There are 2 protein chains.
Amino acid sequence: MITHKAKDIFKDYLFEKGLRNTRQREEILNVFFSADKHITVEELFNMLKKTVPGIGYATVHRNLILLCECGLAEEIKIGKQKSRYEPKFGHEHHDHLICMKCGRFIEVNDDKIEKLQDKLAEANDFSPVRHKLEIYGYCKECR
Amino acid sequence: MITHKAKDIFKDYLFEKGLRNTRQREEILNVFFSADKHITVEELFNMLKKTVPGIGYATVHRNLILLCECGLAEEIKIGKQKSRYEPKFGHEHHDHLICMKCGRFIEVNDDKIEKLQDKLAEANDFSPVRHKLEIYGYCKECR
DNA sequence: GACCATGATGATAATGATTATCATGAACAT
DNA sequence: ATGTTCATGATAATCATTATCATCATGGTC
Ligand SMILES: [Mn+2]
Ligand SMILES: [Mn+2]
Ligand SMILES: [Zn+2]
Ligand SMILES: [Zn+2]
């Protein structure tokens with residue numbers, strides 16, 4: 001269920017930037033968070049057509065970008081697949097185990113790895129900002 | 001300098017698959033390995049036009065895929081950038097530190113991280129096959 | 001060397017996700 | 001209620017990648 005908190009974050013962001021509340025934006029937020037998975041623009045667009053007939057593909061796309069900007073979503077690009085967006089409210093940083101058969105994403109986190117990454121960057125005179133760790137293989141059901 | 005070994009690997013692969021040696025294939029291999037960096041199809045295409053006038057873009061693209069198939073190259077996709085290909089002959093597995101300003105790739109490797117990744121996968125009933133670790137930030141010259 | 005089957009090439013078009021454009025409609029401060 | 005300006009939705013543009021296809025070239029055979 002989508003908390004009021006996420007809605008507030010979005011509304012505050014819109015206000016700050018001088019942007020407007022719209023029926024579409026409300027529904028995009030609702031459906032995106034209720035889906036609660038790594039979703040493509042197209043998938044979200046198709047879901048939204050039921051609640052907001054006539055909604056445009058570009059509107060969904062534009063607002064996913066907006067959600068990313070205010071930290072409520074994150075774009076995930078895997079190889080050549082189309083972009084996916086994951087809800088980020090209340091989600092800590094995590095990495096992904098990606099099943100090469102069924103496509104399932106398992107979200108994981110390992111503090112030791114995170115720390116070693118920082119050390120590795122440091123050792124190369126590199127200031128890390130963010131990182132992406134994806135492990136491809138086969139999940140329990142698929143191996 | 002490109003060793004005979006890489007050429008042999010390529011030729012053996014072509015023979016196995018019933019494919020043919022061509023002037024274009026020879027030059028693509030030569031130029032790709034002498035460039036020795038993460039290169040796009042377009043960049044390689046432009047370099048090749050000097051040695052093989054009239055060479056086609058599609059030919060370069062097709063043969064980079066071929067080089068990947070026989071293990072002499074690896075495709076690197078970073079976000080929405082166009083695909084890059086890196087020579088893999090004699091290269092061990094490594095990860096990348098990617099400068100968000102100048103675009104430089106620093107190749108790194110950390111055994112501890114590699115081992116922890118396997119443990120992490122194991123702990124999630126996941127059989128890892130390969131992985132991708134990219135750390136984005138700023139290099140020595142750009143921070 | 002000539003011949004032939006078939007893969008390779010290069011020009012071009014198709015594809016498809018993403019992004020831009022623009023006329024019209026809607027939000028919201030006054 | 002009005003006006004300004006942003007948002008929307010339809011549509012087109014973009015652009016890397018991939019497919020198509022007529023023609024050429026390779027490598028095996030005689
Ligand atoms: Mn991580
Ligand atoms: Mn690694
Ligand atoms: Zn699976
Ligand atoms: Zn740099």
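Sequence lines set the chain letters: A, B, ... in the order given, protein chains first and strands last, and positions in each chain run from 1. Worth saying up front: this structure is predicted, and the values here are computed from it rather than measured.
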Under the rule for side-chain contact (heavy atoms from CB on, under 4.5 Å), what residues qualify as partners of [X], not counting sequence neighbours?
{"X": "A:F15", "answer": "none"}
{"X": "A:L19", "answer": "A:L14, A:K17, A:R25, A:L66"}
{"X": "B:A58", "answer": "B:R62"}
{"X": "B:E26", "answer": "B:K11"}

Original post:
Is B:K5 reaching over with its side chain to a backbone N or O of B:F89, donor-acceptor style, under 3.5 angstrom?
Top reply: no
Subject >> Under 3.5 Å donor-acceptor, A:K132 side chain and A:K77 backbone >> reply: yes
All pairs passing salt bridge (charged side-chain N to carboxylate O under 4.0 Å, His left out) where [range] contributes a residue, at least two apart:
{"range": "residues 93-108 of chain B", "result": "B:R104-B:E141"}
{"range": "residues 32-46 of chain B", "result": "B:E42-B:K82, B:E43-B:R84"}
{"range": "residues 113-122 of chain B", "result": "none"}

**OP:** Mark yes when over 12 heavy atoms from residues, nucleotides or ligands other than A:K49 sit less than 6.0 Å from its NZ; otherwise mark no.
**Re:**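 It does: A:K49 NZ has more than 12 such atoms within range.
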Subject >> Axial bend angle, the helix from C:dG1-D:dC30 to C:dT30-D:dA1: five-pair end segments, nearest 10° >> reply: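 Nearest ten degrees gives 30° for this helix.
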Subject >> Test: A:K80 and B:E75 ion pair at under 4.0 Å >> reply: yes
**OP:** Could you name each residue pair satisfying ring-ring contact (aromatic ring centres under 6.0 Å, His included) that touches residues 100-143 of chain A, not counting sequence neighbours?
**Re:**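 Residue pairs with at least one partner in residues 100-143 of chain A: A:H38-A:F105, A:H93-A:H131, A:H96-A:F105.
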Atom-to-atom span, [atom1] of [X] to [atom2] of [N] - whole angstrom:
{"X": "A:F45", "N": "D:dT8", "atom1": "CZ", "atom2": "P", "answer": "13 Å"}
{"X": "B:E43", "N": "D:dA16", "atom1": "CD", "atom2": "C1'", "answer": "14 Å"}
{"X": "A:H61", "N": "D:dT14", "atom1": "NE2", "atom2": "P", "answer": "17 Å"}
{"X": "B:L14", "N": "D:dT26", "atom1": "CG", "atom2": "P", "answer": "13 Å"}
{"X": "A:K11", "N": "D:dA7", "atom1": "NZ", "atom2": "C1'", "answer": "17 Å"}
{"X": "B:N63", "N": "D:dT17", "atom1": "CG", "atom2": "P", "answer": "16 Å"}

Subject >> Residue among A:I28, A:N21, A:L67 satisfying side chain to side chain contact (heavy atoms under 4.5 Å, CB included) with A:F10 >> reply: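 That would be A:L67.
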**OP:** Assign each of B:F15 and B:Y57 to its nearest nucleotide of DNA chain D by heavy atoms, then name whichever residue's nucleotide is nearer the 5' end.
**Re:** B:Y57
Original post:
Which two nucleotides bound the region of DNA chain C that has atoms under 4.0 Å from heavy atoms of chain A, read 5' to 3'?
Top reply: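 Going 5' to 3' along DNA chain C, contacts run C:dA17 to C:dC28.
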Subject >> Close residues, residues 74-86 of chain A, relative to DNA chain D [heavy-atom separation under 4.0 Å] >> reply: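 Correct list: A:K80.
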Original post:
In residues 16-26 of chain A, which residues come under 4.0 Å of DNA chain D by heavy atom?
Top reply: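 Correct list: A:G18, A:L19, A:R20, A:T22, A:Q24, A:R25.
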